[in-house]
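Letters A, B, ... are given to chains in the order of the sequence lines, protein chains preceding strands, and every chain is numbered from 1.
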Amino acid sequence: MKNFKRYTVTAALPYANGPKHIGHLAGAYIPSDVYVRYLRSAGKDVLFVCGSDEHGTAIPNQALKENTTSQAIIDKYHKLIYDCFKKLGIAFDIYHRTSEQIHHETSQEIFLTLYNKGLLTEEVSEQYYDDEANVFLADRYIVGTCPKCGNPNAYGDQCEKCGSTLSPRELINPKSTLTGKAPVLRETKHWYLPLQNYEGWLQEWILKEHADDWKANVYGQCKSWIDAGLQARAMTRDLDWGIKVPLPDAEGKVLYVWFDAPIGYVSATRAFFQEITSGKIKYAQPQREFKNAKADDWKTYWQDPETKLVHFIGKDNIVFHCIIFPIILKAHGEFILPDNVPANEFMNLEGDKMSTSRGWSIEMHEYIEDFPDKPDVLRYCLLANLPESKDSEFTWKDFQSRNNNELVAILGNFINRALVLTQKYFDNKVPARGTLQPVDEEVIRALKEHPRTIAASIEQYRFREATAGLMDLARLGNKYLAETEPWKVYKTDPARVGTILNIALQIAANLAIVGEVFLPFSAKKINAMLNLETKGWSDAGSDALLNPTHPLGAAALLFEKIEDDVIAKQLQKLHDKKKSMEPVTVDVAPLKPEVTFDDFSKLDIRVGKVLAAEKMEKSNKLLKLTIDTGVDKRTVLSGIAQHFSPEEMIGKQVTLIANLAPRKMMGIESQGMVLMAEDADGKLKLLQPSEAVFPGSVVS
RNA sequence: UGCACAUUGGCGUAGUUGGUAGCGCACAGGGCUCAUAACUCUGGGGUCGCAGGUUCGAAUCCUGCAUGUGCAACCA
């Protein structure tokens, strides 16, 4: 494997149209953060960039939905998302924004370079235009009747009923989903990147060079794209929100969001060096010292072949990061290419796909609100369940058991045991070590081995395995104490106990070093308890991190148990949220055949008043109502017993059909029918005049 | 519909070139009591989605089928 001088690590730019959930964390942000923390701890030259993706059609759409401006949307969600990352310990060197000037310039420069090299093609085509909303319509925003199966709700790109792929022009009776109007065809010009010209190169670069080191899901996805044959893809759009196409004849055109978004990594890097060299810090938060940095240093991180570029993303982004963006970089000519793109699969939640819009999700800010002092618990739980090779599952029960059985019982407990014993027997000072016994030598050997295997896992992007390694190290400590039983030995041989606790404390100090990568907040606490400065990975595995007589800090609990009711509450909250998000109009019954006015006027619909109500015996559905219809008082049976009690019906005004032929039910004749509206959830609601009217009032 | 990835004990999963299937949780029993009834040891439990094939030998390679997810659409 090639040895690199430095690393540029990116995490997918979150799209700033809404909050992000823990599935996003598991996909890209937690693994990238662990990777970077490890590299930093190992003293590597690494830069970790991310930022908000703030262009594309979905932003103005979200603005419409929230009744505000696009700018307000991106401001709101940029802040929300970044705050969450910070509180969860995701340690970017810079978290930038694609709406910044420097990003617009960088994207335009790269676009112009491709243009000037003659690598973009220009094409005029006819596209549907909504002349009420004054926008060109993306295929998705057009619905109409499917020419193949007659489904009236087929999208401009595909009919979901018969599965056939369509183009908007094929739809019968196309309509804009924005205004409901029929769209018109209009000519528009766009600039395309002919991806097919790079097929040969991609075959060489991905299919040959990365056959072994890219993950199966990533490699397979790329192979399927390349084998299917690539096509020219438009790199511009008709939209007024985004980066202006830097050409004279491109009024009203912006760069395609997938053209500019990955360039965001580059502009963030540029902004980073600009900010730290000028001292005008706006977004940069350097997580280590950047000595003698120059504004131009961004180039080293993006153009020097000795830099290793790694993109962390979710599986939905594979094609953009492995095919399209690399083609842009390659076409430009001066950039390095990603060495790896360790894309994760998706994380499900309690047996179902996570979805913010369906309300089936745990948003980052929701977690932080409910568990403000537990960022590491979430980090650990996600790390232990990362969807590295297939979709995985987050459940609150698992969250609880990971916390109680692993963080509390194994890691927290070991640290606590080592410290409490030292307090008790050695006045809270690190005891000196005597002659080592085989059991000591064995544990020291194992201690040295752990950081090595953990590092190897991380370098292969196997973060789940690496996390298990951390917990194994804590297990090693517990096992050592159980085997040596210092609390027993102390009665006969206090010096021997000194040796044991010295070694146990060295293990604790190692847990702080290794833990910093996975659980930074807890690692900090361990260091405070040990009264130790943060140490780097080069010290990991050492059995001499604490010197004899070194005074320890105060012992405190590292993690606390999570009780059942906390978990039950979260589950309830999740289900409630889903319910509140359910669309109002579900399964609306189709229209019945037309009737004439004469048909309608045959019905005698009038308002009556319930005088008496009682349950029908042996029926769980029927209520027997006595209704004042104005002309008479009559008995009506109504199948509403599961929705209304007899008591609450008495005195109510109801709408009834008074001339419906009488019908016998359960031995009693019903002389009319009370009208009800059935809600989406099957619940019945009374149909009443908005204000009380005289019984017998006719409805027409 | 096409392509890609996945399918392993009750649950969550590992299995890197084919060689008697590992781990965590849960479960049962033992040890210990320094520790947040935590720790530690031992044990039971899997014909590796289904059906074929290649091989001395297949969870692993090939074919077909089923199920799930993603992509394919100007959805970020």
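Outside the 6.0 Å centre-distance limit, the rings of A:Phe136 and A:His190 are not counted as a close aromatic pair. No close placement of the A:Phe559 and A:Tyr380 rings is indicated, their centers lying 6.0 Å or farther apart.
For A:Gln127, counting side-chain heavy atoms from C-beta on, the closest listed nucleotide (B:rU36, B:rC34, B:rC74) is B:rC74. Out of B:rA14, B:rA35, B:rU33, the shortest distance to the side chain of A:Val420 is found at B:rA35. Checking B:rU40, B:rG15, B:rC75 against every side-chain atom of A:Thr57, the shortest atom distance belongs to B:rC75. Checking B:rC75, B:rC32, B:rU13 against the side-chain heavy atoms of A:Ser392 singles out B:rU13 as nearest. For A:Arg417, whose side chain is taken as the heavy atoms from C-beta onward, the closest listed nucleotide among B:rC74, B:rC25, B:rA35 is B:rA35. Candidate nucleotides B:rG15, B:rC32, B:rU36 were compared by shortest atom distance to the side chain of A:Trp487, and B:rC32 ranks first.
In this structure, B:rC39 forms a base pair with B:rG31, meeting either the Watson-Crick or the G-U wobble geometry with both donor-acceptor distances under 3.5 Å. The nucleotide B:rA6 finds its pairing partner in B:rU67, both defining distances of the Watson-Crick or G-U wobble pair being shorter than 3.5 Å. In this structure, B:rA72 forms a base pair with B:rU1, meeting either the Watson-Crick or the G-U wobble geometry with both donor-acceptor distances under 3.5 Å. Partner assigned to B:rU20 is none, using Watson-Crick or G-U wobble distances below 3.5 angstrom. Shown here, B:rA14 forms no base pair; nothing in the strands shown gives a Watson-Crick or G-U wobble contact with both key distances under 3.5 Å. The partner of B:rG46 cannot be assigned: no Watson-Crick or G-U wobble pair with both contacts below 3.5 Å exists in any strand.
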For A:Glu560 and A:Lys374: C-alpha separation, side-chain torsions, deciding distance, then whether salt bridge (Lys or Arg N to Asp or Glu O under 4.0 Å) applies. CA-CA 9 Å; A:Glu560 59 183 14; A:Lys374 293 185 175 26; 2.8 Å; yes
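B:rG10 and B:rC39 are spaced 25 Å apart, taking the C1' atom of each and rounding to whole Å. Nucleotides B:rU20 and B:rG46 have their C1' atoms positioned 15 Å apart, rounded to a whole Å. A gap of 15 Å separates the C1' atoms of B:rG15 and B:rG9, to the nearest Å. Taking atom C1' in both B:rG22 and B:rU16, one finds a spacing of 15 Å when rounded to whole Å. Between B:rU47 and B:rG31, the two C1' atoms lie 36 Å apart (nearest whole Å). Comparing the C1' positions of B:rA21 and B:rA59 gives a spacing of 8 Å, expressed to the nearest Å. To the nearest whole angstrom, the two P atoms, one in B:rG24 and one in B:rC41, are 9 Å apart. Rounded to whole Å, the separation between the P atoms of B:rC27 and B:rG49 comes to 27 Å.
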Filtered N/O pairs between nucleotides 3-11 of chain B and protein, under 3.5 Å:
| unit_1 | atom_1 | unit_2 | atom_2 | d |
| --- | --- | --- | --- | --- |
| B:rC3 | O2' | A:Ser224 | OG | 2.9 |
| B:rA4 | O2' | A:Gln221 | N | 3.3 |

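Here the C1' atom of nucleotide B:rA72 and the CZ atom of A:Phe320 are 11 Å apart, to the nearest Å. In this structure, A:Leu481 places its CG atom 12 Å from P of B:rC41, rounding to the nearest Å. The nearest whole Å value for the distance from the CD atom in A:Gln423 to the P atom in B:rA35 is 11 Å. As a whole-Å value, the separation of A:Glu563 CD from B:rA37 P is 10 Å. Counting to the nearest Å, the P atom of B:rA35 and the CG atom of A:Leu557 are 12 Å from each other. Atom pair A:Phe394:CZ and B:rU13:P shows a separation of 13 Å (rounding to whole Å applied). Following rounding to the nearest Å, A:Lys424 (NZ) and B:rA35 (P) show an atom-to-atom distance of 6 Å. The CG-P distance, from A:Asn404 to B:rG12, rounds to 20 Å in whole Å.
A:Ile562 comes within contact range of no nucleotide atom at all, as no heavy-atom separation falls under 4.0 Å. When heavy atoms are screened at a 4.0 angstrom cut-off, A:Val319 is found touching no nucleic acid atom at all. Residue contacts for A:Asn385: at a heavy-atom cut-off of 4.0 Å it reaches the sugar-phosphate backbone alone, with no base atom in range. Residue contacts for A:Ala58: at a heavy-atom cut-off of 4.0 Å it reaches the sugar-phosphate backbone alone, with no base atom in range. Nucleic acid contact for A:Asp316: sugar-phosphate only, since backbone atoms but no base atoms lie under 4.0 Å from a heavy atom of the residue.
Between A:Phe325 and A:His311, the ring-plane angle classifies as tilted under the 30° and 60° cut-offs.
In this structure, A:Arg462 reaches the B:rG15 phosphate: one of its side-chain N or O atoms is under 4.0 Å from OP1 or OP2. Side-chain N/O atoms of A:Asn478 include none lying less than 4.0 angstrom from OP1 or OP2 on B:rC34. Within the structure, a side-chain polar atom (N or O) of A:Tyr256 is placed less than 4.0 Å from OP1 or OP2 of B:rC75.
Ranked by how close their nearest RNA chain B nucleotide is to the 5' end, A:Glu483 and A:Lys353 are led by A:Glu483. When the nearest nucleotides of RNA chain B are assigned to A:Ala384 and A:Lys561 by heavy-atom distance, the more 5′-ward of the two goes with A:Ala384.
Residues A:Lys189 and A:Glu122 are paired through a salt bridge, judged by an N-O separation under 4.0 Å between the basic side chain and the carboxylate. Under the 4.0 Å criterion applied to side-chain N and carboxylate O atoms, A:Lys353 and A:Asp391 are not assigned as salt-bridge partners. A salt bridge between A:Lys479 and A:Asp472 is absent, with no side-chain N of the basic residue lying under 4.0 Å from a carboxylate O of the acidic one.
In the interface, the side chain of A:Glu406 is not paired with the base of B:rC25 through any donor and acceptor atom under 3.5 Å apart.
In this structure the side chain of A:Ile500 reaches within 4.5 angstrom of the side chain of A:Leu481, judged on heavy atoms. Using a 4.5 Å heavy-atom cutoff, the side chains of A:Leu505 and A:Pro431 are in contact.
Side-chain polar atoms of A:Asn217 and A:Lys390 form no donor-acceptor pair below 3.5 angstrom. Under the 3.5 Å distance criterion, with hydrogens and angles disregarded, a donor-acceptor pair is assigned to the side chains of A:Asp130 and A:Ser176.
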